[in-house]
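Reviewing the structure listed below.
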Protein chains: 4
Amino acid sequence: MPKPTFFRLPDDRRELVVREAIAEFAEHAYADASLSQIARRTGIAKGSFYQYFEDKLDLYRWLLAEEAPRKKREFLGAVRFDGDFWAGLETYVERGMAFLVEHPGLARLAAAAADPTAAAEVRGLHLAICEAGITELRALLQVGIKGGAIARGIPLDIATRLVSTVIGPGLTDIVLRELGAELHEVLASTSLQRELGPARRRRLAHAAVLFIRGGLGNPQSKTKKERHR
Amino acid sequence: MPKPTFFRLPDDRRELVVREAIAEFAEHAYADASLSQIARRTGIAKGSFYQYFEDKLDLYRWLLAEEAPRKKREFLGAVRFDGDFWAGLETYVERGMAFLVEHPGLARLAAAAADPTAAAEVRGLHLAICEAGITELRALLQVGIKGGAIARGIPLDIATRLVSTVIGPGLTDIVLRELGAELHEVLASTSLQRELGPARRRRLAHAAVLFIRGGLGNPQSKTKKERHR
Amino acid sequence: MPKPTFFRLPDDRRELVVREAIAEFAEHAYADASLSQIARRTGIAKGSFYQYFEDKLDLYRWLLAEEAPRKKREFLGAVRFDGDFWAGLETYVERGMAFLVEHPGLARLAAAAADPTAAAEVRGLHLAICEAGITELRALLQVGIKGGAIARGIPLDIATRLVSTVIGPGLTDIVLRELGAELHEVLASTSLQRELGPARRRRLAHAAVLFIRGGLGNPQSKTKKERHR
Amino acid sequence: MPKPTFFRLPDDRRELVVREAIAEFAEHAYADASLSQIARRTGIAKGSFYQYFEDKLDLYRWLLAEEAPRKKREFLGAVRFDGDFWAGLETYVERGMAFLVEHPGLARLAAAAADPTAAAEVRGLHLAICEAGITELRALLQVGIKGGAIARGIPLDIATRLVSTVIGPGLTDIVLRELGAELHEVLASTSLQRELGPARRRRLAHAAVLFIRGGLGNPQSKTKKERHR
DNA sequence: TATGAATGAGTTTTCATTCAT
DNA sequence: AATGAATGAAAACTCATTCAT
């Protein structure tokens, strides 16, 4: 955890640190991300970082396990899944894409947890993050099962991981291709909004959910949204 | 390309180099993988690697672009998709899992190409590898479309990427959880065969294809395989 | 250019670095001079040099293009050529020899710019230094021409280069033989003063100028200095 | 000295070695010249060089102390200094420039001996070469003194070194500027002949000798050549 | 609390030389 | 005689971390 000093920092300074640290860790895997580089980016003395954090890992862990999820939750807000499950999922996916478009660094950081070649020091952390995501998604799918939207053809655990992959790396990948850009450029960019607007995002979300629904869905339950396609 | 010297090496030495290099690059992203470390692993002098390869990138490129695909092709053999498309895909997926179980290092190496935080020097290479994989898969799906197995609900490009994600990182992830192991332990292990045998692999492949088929499939076309489930 | 850190260093440390760097570069051509060696000479950690300079070239460039000329200008002071041109040249040459005797490392460093086998990275730099020297000398000779001291027998450009060679490598060479020492011993030595005192230097400077004057001089113009020899 | 094996080599192979070794040593100072590079240039196995020479130094020494002087002597032939001394010197200088133009590598190699930053291993060798050159030139100037062409204004030793500098590095420098090229490019070039033809060389030689003669010459002795200028 | 200089372990790469075939 | 694979020492350079001010 960051040291108390960090939280006592003036807001703008603390946010500067957070912003540039996210950018650095989004652009490079943990082992290649460089504290020296973050110091350069921010113009803050290298030594100061050791007043704020124990070490590089402490900073990374906090960003990945606390800050990124917090901001993501805040951005996504609450999505209702108990009415029309598939419509709920579509909203959820669309908001995820909006998050990617508006906070590519954070989104990338969150995705980094899935990298299996990560340095030894961060493996445990990554695993925990992944499991947390899976657990959340599994709970969500269970809502779909209870509501009758999801059929029991595929074991829940497997289904969860498949869905996780589709709406995680899968959609990220598609979004990047849409943008015609490598992640790297996206991170540097400022207004992706213009390039992948809400309408396009909705269409993509719809296609993805259509795909998932086909794979998991209960043929009995039809929704209005589904029918007019 | 490796230097001629490398190909003239005694088989055991060359294989030692290949094996340990794959392990190193499977365990670490390109930038963190270390030639010094490979030298230590193999007990071969650091200088010798520069008799075999131009530099670190040369070795990596060869492994990723030549050796891994070659071994994978060899392992997978030819799969027929023109009969029962979904049965073909299931076989294809099952063999992919077998490859992962028997050559986890190679499989991981091939997957590394999807890492968007890769060092600048390898980005072009990674992109090319990814595109090649996508192109191959798209051709494959087109066979499914022609044969009537795949419906036209989702644009081909998007469908291709979704499927790619499912049978790539998606299944890899699932297999690893099944094995209850992190990738780096898997890389060290020798007999995964015992732990994820053919029967289990077939069941997983079936679930995955069921998922994809639901998402893309044409409800009109039923196969025998499908019915007795 | 050196980093600000370097200029903020305590004087003794900065001078230690400068002194040993000059010695290293005076003893070895750029490509063979070693930062590791300078680190060893000074007892300063290798890494510290990269706090002071961008890289090896940065240090070399600064020494060669800034520090050596600065110290030389400071040492030489202003020499008047508009009175008796040949007497002015003699003073100039004598002071040059004094500089060589008191700052052999710097003098050698400056001379290194003439080495045509220099590594590719420094060729441009060397060329620029050489041209600057030639340009300065040419301007000086033009003063001699205007004052009537120099006759027009030899084209100015050629004359400039010949004179440059005589008072540059030519005199350096002679001085070293006088000292009966190889350059690298001279570099290590501290009191050349004793061994090549002012009187001897004056005699050498006189001979050199006599030589040049014969080659370029206008027989019409005689100076007092000349006559009483 | 080269091993007997070297002299038993087929002529073309031996000459290939000599040619490329000269080129390498002409382009780089001893320490930077690379046997590996010569091996690459010639296509001869690195190991073979150790059948021909003890080591890198052995090769270098032989080239510098034996082969270069031999070829230079052969090229220059005998020049008569006992008639008109200054005309003799002019011929000598002109032939020296022709040698530079036709064998830039050899000429550069010979000049390398004057480099005072040479690696420790070759310093003794360089010193000896230089002394030999100086001794030869001193003998030559003594002929001029005996014949009355040279006056006694400047001590012989100093005069010798001044002249040596003028006709050595001085003229080389001028020739290169004339060619508008850096040494490096000259070494790669094949037909300098075209670019610095005999007429131009004669004019340069004349200017240089005029310069030297002014510096050392006896005003009493006039030659025909001198008068029509 | 902020700074930034100091450090040394680590990396990639080159090279002369040896030696078995 | 020729080969070319093997080697280890050395280079330039980067980085996380410490610590005195």
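Here is the naming used below: chain letters follow the sequence lines, and residue numbers restart at 1 for every chain.
- In this model, the phosphate group of E/dG4 is not approached by any side-chain N or O of C/Arg8 to a distance below 4.0 Å at OP1 or OP2.
- Under the 3.5 Å distance criterion, the side-chain polar atoms of B/Tyr50 are left unmatched by any main-chain donor or acceptor of B/Lys56.
- Note that CZ of C/Phe53 and OG1 of C/Thr5 are 10.5 Å apart. Values are rounded to the nearest 0.5 Å.
- At a threshold of 4.0 angstrom between heavy atoms, the contacts of C/Ala33 are confined to the sugar-phosphate backbone, with no base atom among them.
- The nearest whole Å value for the distance from the OH atom in A/Tyr52 to the P atom in E/dA2 is 4 Å.
- Here D/Arg14 contributes atom CZ and D/Phe7 contributes atom CZ; the two are 7.5 Å apart, rounded to the nearest 0.5 Å.
- The side chain of B/Ser34 contributes an N or O atom lying less than 4.0 Å from OP1 or OP2 of E/dT11.
- Computed from coordinates, the B/Leu57 CG to E/dT11 C1' distance equals 15 Å when rounded to whole Å.
- Looking at C/Ser48, its side chain never comes within 3.5 Å of a backbone N or O of C/Ile44 through a donor-acceptor pair.
- With rounding to the nearest 0.5 angstrom, the CG atom of D/Asp115 is 5.0 Å from the CG atom of C/Asp115.
- Rounded to whole Å, the distance from CZ on D/Arg41 to P on E/dC15 is 12 Å.
- Mapping A/Gly43 and B/Gln51 onto DNA chain E by nearest heavy atom places A/Gly43 closer to the 5' end of the strand.
- Atom NZ in B/Lys46 sits about 16 Å away from atom P in E/dC15, given to the nearest Å.
- With a 4.5 Å cut-off on side-chain heavy atoms, C/Lys46 and C/Leu35 do not count as touching.
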Which dot-bracket notation, 5' to 3', represents the base pairing of DNA chain F when pairs are defined as Watson-Crick or G-U with both distances under 3.5 Å, crossing pairs as [ ], and inter-strand pairs as |? .||||||||||||||||||||
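- Under the side chain to side chain contact (heavy atoms under 4.5 Å, CB included) test applied with D/Phe25, the options D/Asp32, D/Leu59, D/Leu106 reduce to a single match, D/Leu59.
- D/Ile38 has its CD1 atom 12 Å from the C1' atom of E/dC15, to the nearest Å.
- Of the side-chain N and O atoms in D/Ser36, none sit less than 4.0 angstrom from OP1 or OP2 of E/dT14.
- Map B/Pro10 and C/Glu54 each onto its nearest nucleotide of DNA chain F; the residue landing nearer the 5' end is B/Pro10.
- Among the atoms of the strands shown, none is found under 4.0 Å from any heavy atom of C/Leu59.
- Within 4.0 Å of C/Arg14, counting heavy atoms only, lies no atom of the nucleic acid at all.
- Between E/dT1 and A/Ser48, no contact under 4.0 Å exists linking OP1 or OP2 to a side-chain N or O.
- Put simply, the side chain of D/Pro2 reaches to within 4.5 Å of the side chain of D/Trp62, judged on heavy atoms.
- In this structure, CG of C/Leu35 is placed 20 Å from P of E/dT12, rounded to the nearest angstrom.
- Read 5' to 3', the first and last nucleotides of DNA chain F with an atom closer than 4.0 Å to a heavy atom of chain C are F/dA11 to F/dT14.
- Nucleotides of DNA chain E nearest to C/Phe49 and D/Tyr50 differ in position, and the one nearer the 5' end is that of C/Phe49.
- The existence of a salt bridge linking A/Arg41 and A/Glu27 is confirmed by a sub-4.0 Å separation between a basic side-chain nitrogen and an acidic carboxylate oxygen.
- Taking atom CZ of A/Arg13 as the reference point, atom C1' of E/dA2 lies 7 Å away to the nearest angstrom.
- Each of C/Arg8, C/Lys3, C/Arg13 was scored for a side-chain hydrogen bond (donor to acceptor under 3.5 Å, both in side chains) with C/Tyr52, with one residue passing: C/Arg13.
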